[in-house]
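Structure record follows, encoded as structure tokens.
Letters A, B, ... mirror the listed sequences (proteins, then strands); counts begin at 1. Since the model is a prediction, treat every value here as computed from it, not as a measurement. Heavy atoms only: backbone and side chains are in, while hydrogens, waters and symmetry mates are out.
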There are 2 protein chains.
Amino acid sequence: MSDAQKGPVFTEIVLEVFKLGGLLVSEGDRMGAEYGITSARWKILGALSLAGEPQTVPQIARSMGLTRQAVQRLVDAMQEDDLLLFQDNPGHKRARLISLSDLGKTVYSKLYEKQSGWAKTCSAGITQAELETTLSVLERISGAIDR
Amino acid sequence: MSDAQKGPVFTEIVLEVFKLGGLLVSEGDRMGAEYGITSARWKILGALSLAGEPQTVPQIARSMGLTRQAVQRLVDAMQEDDLLLFQDNPGHKRARLISLSDLGKTVYSKLYEKQSGWAKTCSAGITQAELETTLSVLERISGAIDR
DNA sequence: CCAAGGTTGTCAACATGTTGTCAAACTGCC
DNA sequence: GGCAGTTTGACAACATGTTGACAACCTTGG
């Protein structure tokens with residue numbers, strides 16, 4: 001098949017990613033409001049939970065595709081709010097290790113449950129195969145840009 | 001098939017949308033730098049070009065899924081930079097009509113060409129059908145949230 | 001006509017992302 | 001050991017998005 005038609009579809013995907021990103025941030029803020037948490041903070045909790053062990057700020061940043069400065073600001077504020085714990089890093093005097101506090105763990109698990117129901121509603125009428133294709137395509141596009 | 005597996009894939013898509021959104025903004029900024037334009041401004045140019053006729057600020061905002069205040073700030077700055085023209089709206093004394101200036105049209109068409117080549121590179125190895133599935137899924141998710 | 005309610009522009013405060021710069025800490029190589 | 005290059009934290013400036021509030025404008029129904 002000719003590639004002539006791919007450009008326009010690709011452009012539409014780009015625009016839809018922007019729009020959906022905005023909607024997802026709003027939705028995350030709405031769901032997190034009950035626990036005094038925003039989408040950005042939720043993502044930090046998720047990154048730490050996924051990692052399974054304490055991480056440095058640059059590690060979190062790399063795993064999320066953000067700059068370390070953006071993550072540092074969030075992490076500092078979240079520690080102030082008792083969502084995170086700082087521990088000295090035996091391997092590096094400056095780069096402290098960040099982990100979830102008990103409060104952070106509690107909030108994240110409640111958000112996880114809330115999000116699960118929401119994800120189910122959102123993905124109603126979309127097949128598993130379609131979701132997997134979508135994820136694969138988005139990852140390949142990210143990969144092509146990152147290179 | 002059970003829906004048990006859909007939640008995790010859905011969550012990964014959400015995270016990938018965030019990540020890709022950031023990459024796309026960076027890439028747009030990089031491509032637009034040559035013409036002194038950012039991703040956000042590019043999107044305004046695109047919305048006006050797509051509409052085909054002068055639009056008000058709230059119309060642009062609705063078409064892009066942004067708030068009118070965010071669009072207003074961009075539009076004001078872009079008019080200052082001679083990318084846009086303001087015209088009085090015969091139907092509404094406050095809501096001026098915004099259109100592309102000659103400079104705006106020129107910049108947009110050059111960006112369009114530049115973006116076309118980039119889109120082709122990015123979508124190498126992805127089939128037309130996969131792209132269309134992806135667009136459809138993203139639109140359905142947006143629709144489910146917007147509701 | 002006019003009062004009520006929605007839309008628009010404007011201003012302000014804030015959240016979250018970027019880039020750039022600097023010094024301190026680490027790493028690797030000679 | 002020590003020097004060069006990289007990584008990290010801190011700070012600042014800026015871009016882009018949000019919400020909230022207010023007054024001006026428009027529309028509609030009685």
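A centroid separation of 6.0 Å or more is found between the aromatic rings of W42(B) and Y35(B).
Looking at residues two or more places apart in sequence or on another chain, you find no salt bridge (charged side-chain N to carboxylate O under 4.0 Å, His left out) involving K110(A).
Rounded to whole angstrom, the span from the CG atom of L97(B) across to the C1' atom of dC25(D) amounts to 15 Å. One can place CG of D88(B) at 15 Å from C1' of dT8(C), the figure rounded to the nearest angstrom. Here the C1' atom of nucleotide dA25(C) and the CZ atom of R96(A) are 14 Å apart, to the nearest Å. Separating the CZ atom of R30(A) from the C1' atom of dT19(D) is a distance of 16 Å, rounded to the nearest angstrom. Taking atom CZ of residue F18(A) and atom C1' of nucleotide dT16(D), one finds them 12 Å apart after rounding to whole Å. We find that CG of L20(B) is positioned 15 Å from P of dG17(C), with the value rounded to whole Å. For H92(A) and dC26(C), the NE2 to P distance is 5 Å, given to the nearest whole Å. With rounding to whole Å, I37(B) atom CD1 is found 18 Å from dT18(C) atom C1'.
Considering only side-chain N and O atoms, T38(B) lies under 4.0 angstrom from the phosphate OP1 or OP2 of dT16(D). Distances shorter than 4.0 Å separate none of the side-chain N or O atoms of K93(A) from OP1 or OP2 on dT27(C). OP1 and OP2 of dA15(D) both lie 4.0 Å or more from every side-chain N or O belonging to K43(B).
To the nearest 0.5 Å, atom CG of residue L50(A) and atom CG of residue L15(B) are 8.5 Å apart.
Between V57(A) and S26(A), the residue anchored nearer the 5' end of DNA chain D, judged by the nucleotide with its closest heavy atom, is V57(A). Of the residues near DNA chain C, R41(A) and N89(A), the one whose nearest nucleotide (by heavy atom distance) lies more toward the 5' end is R41(A).
Between R30(A) and E27(A), at least one side-chain N (NZ, or NE/NH1/NH2) sits under 4.0 Å from a carboxylate O, which counts as a salt bridge. With respect to the salt-bridge test (charged N to carboxylate O, under 4.0 angstrom), the residues D88(B) and K93(B) do not qualify.
Counting only distance, with no hydrogens or angles, the side chain of S101(A) and the backbone of L83(A) share a donor-acceptor pair below 3.5 Å.
Taking every heavy atom of residues 59-79 of chain A and every atom of DNA chain D, pairs under 4.0 Å involve R62(A), R68(A), Q69(A), Q72(A), by number.
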**Message:** For a side-chain hydrogen bond (donor to acceptor under 3.5 Å, both in side chains) check, start with the C-alpha distance between S39(A) and D29(A), then their side-chain angles and the critical distance, and finish with the verdict.
**Reply:** CA-CA 5 Å; S39(A) 287; D29(A) 288 348; 3.2 Å; yes

